[in-house]
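Presented below is the structure to which this report refers.
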Protein chains: 2
Amino acid sequence: MSDRPYHHGNLRRALLDSAVELIAERGPASLSLREVARRAGVSHAAPAHHFADKTGLLTAVAAEGWRLLTAALADRAATADFGELGVSYVVFATSHPAHFAVMRTPGLVHPDDPELVAARDGAGTLLYRGAGVPGEDAGRPAASSGRGRVLAAWSLVHGLAVLLQEGLVAPGPGEDIETLARAVTAQLAPA
Amino acid sequence: MSDRPYHHGNLRRALLDSAVELIAERGPASLSLREVARRAGVSHAAPAHHFADKTGLLTAVAAEGWRLLTAALADRAATADFGELGVSYVVFATSHPAHFAVMRTPGLVHPDDPELVAARDGAGTLLYRGAGVPGEDAGRPAASSGRGRVLAAWSLVHGLAVLLQEGLVAPGPGEDIETLARAVTAQLAPA
DNA sequence: TGCCATATCTGGACATTGACAAGATGCTCC
DNA sequence: GGAGCATCTTGTCAATGTCCAGATATGGCA
């Protein structure tokens, strides 16, 4: 408490960064709020002033993850077909493992947090448009091939990303993630 | 401690059941070992004699889940094609949500536990055979269409099961899980 | 039958954690 | 320059996971 100023300046960002670091090292389940504070160089109660509770911090990490995913998808959304959008999804998940782990782990976030919902919906819109059949409207019956196709596409890339993160699946020697993802998305029936 | 006998009789099973109950109610992240013990009617330290630690208990739940999944798949494995196997996978996940949540949540189990590995491999064999192209051998190059197809099939059903459990996807009114799962697996390109 | 080795379970202890309360510090705007 | 507020700290509390020593039951062996 001597050399450091009383006010951090940008503690919220520093806490988010420390949290992501720790999650990358030890997983989201064993994250300790006090250790996040220690790593950011502040007292154990400081995080409470930026995030209501531990779940609030994780919710913010998840929301940031959805925004990062949205940005990654938007880079390709204009020109790419679903295959390339799916590749982007998988590449995001493997290149931001901590964010993705928080996004997909049940019970870690406040599911109705407005910031989280907005961020997730933003990515969802891009994914839905990317997977949907062009020219189809949204009000179709539930089991129609249109909804089935969107669900299949989303399930496909999400499932692959999860299997990769769990280590249940890994790229072959000399194979990169993009190649693997393309081989998988190619298995989806053509629209 | 008066009416209850000092020795429980089948505490291991009772602890597993209590754990599954609690996970179904509040999710796997907030499971408390002491509360599992309370619900089973034993002291807070009793679980240590049947499971090394909290992770050990969750590992046992996950292993049981994989065995239940294997049994469900085996019921259909003889006659069914991949589509029906995938439907079984999704039905298992939605009808055993607590087990499935532990199986898919990162960092909850001892990943190298022999019992867990054996149980998971048992299910994996059935899934691999179900998704694979008949007559194809295993030593193909990594990105071949054969491996891509297996990965796609596995990713597809796992992803759908996850999306259903998270509530990000739900069957339409009057639609059941099997119908939805069939609509999704139908989107996989024919072998 | 009697007795001991072992498996099973209890109660107490300790460090760590998330959350809360009250006070200290520094910024901002009048 | 002073009031009001956001930011951060210290102190505290109940709950948790894990460890330890001891109590209790069970089964084998004389």
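Each chain gets a letter, A, B and so on, in the order the sequences are listed, and its residues count up from 1. Worth saying up front: this structure is predicted, and the values here are computed from it rather than measured.
Distance from the side chain of A:H49 is smallest to D:dT7 among C:dT10, C:dT17, D:dT7. Listed candidates were D:dC8, C:dA19, D:dT18. Nearest to the side chain of A:R34 is C:dA19. Comparing atom distances between the B:L33 side chain and each of C:dT17, D:dT18, C:dT10 picks out D:dT18 as nearest. Among the nucleotides C:dC9, C:dT17, D:dT7, the one closest to any side-chain atom of B:H50 is C:dC9. For A:K54, whose side chain is taken as the heavy atoms from C-beta onward, the closest listed nucleotide among D:dT10, C:dG11, C:dA19 is C:dA19. When each of C:dA19, D:dG17, D:dT9 is scored by its nearest atom to the side-chain atoms of A:S43, the top-ranked nucleotide is D:dT9.
An OP1 or OP2 oxygen of D:dA15 is reached within less than 4.0 angstrom by no side-chain nitrogen or oxygen of B:S32.
Between A:D53 atom CG and D:dA15 atom P there is a gap of 18 Å when expressed in whole angstrom units. Between B:L22 atom CG and D:dT16 atom P the separation is 11 Å, expressed in whole Å. The nearest whole Å value for the distance from the CZ atom in B:R38 to the P atom in C:dT10 is 14 Å.
Proximity of B:F82 to B:L127: side-chain heavy atoms (C-beta onward) are nowhere separated by under 4.5 Å.
Counting non-hydrogen atoms under 4.0 angstrom, A:H44 reaches a base of the nucleic acid. Contact annotation for A:L57: no contact, since no heavy-atom pair falls under 4.0 Å across all strands.
In this model, no side-chain donor or acceptor of B:R12 finds a partner on the base of C:dT8 within 3.5 Å.
Residue B:D121 holds its CG atom at 11.5 Å from CG of B:L126, rounded to the nearest 0.5 Å.
The residue among B:A45 and A:L31 whose nearest nucleotide of DNA chain C lies closer to the 5′ end is B:A45.
Between the side chain of B:Q187 and the backbone N or O of A:L188, no donor-acceptor pair lies under 3.5 Å.
B:V117 and B:M103 fall into different hydrophobic clusters, where Ile, Leu, Val, Met, Phe, Trp and Tyr residues are linked whenever their side-chain heavy atoms come under 4.5 Å apart, directly or through other members.
Remark: aromatic rings of B:F100 and B:H158 are close, center separation under 6.0 Å.
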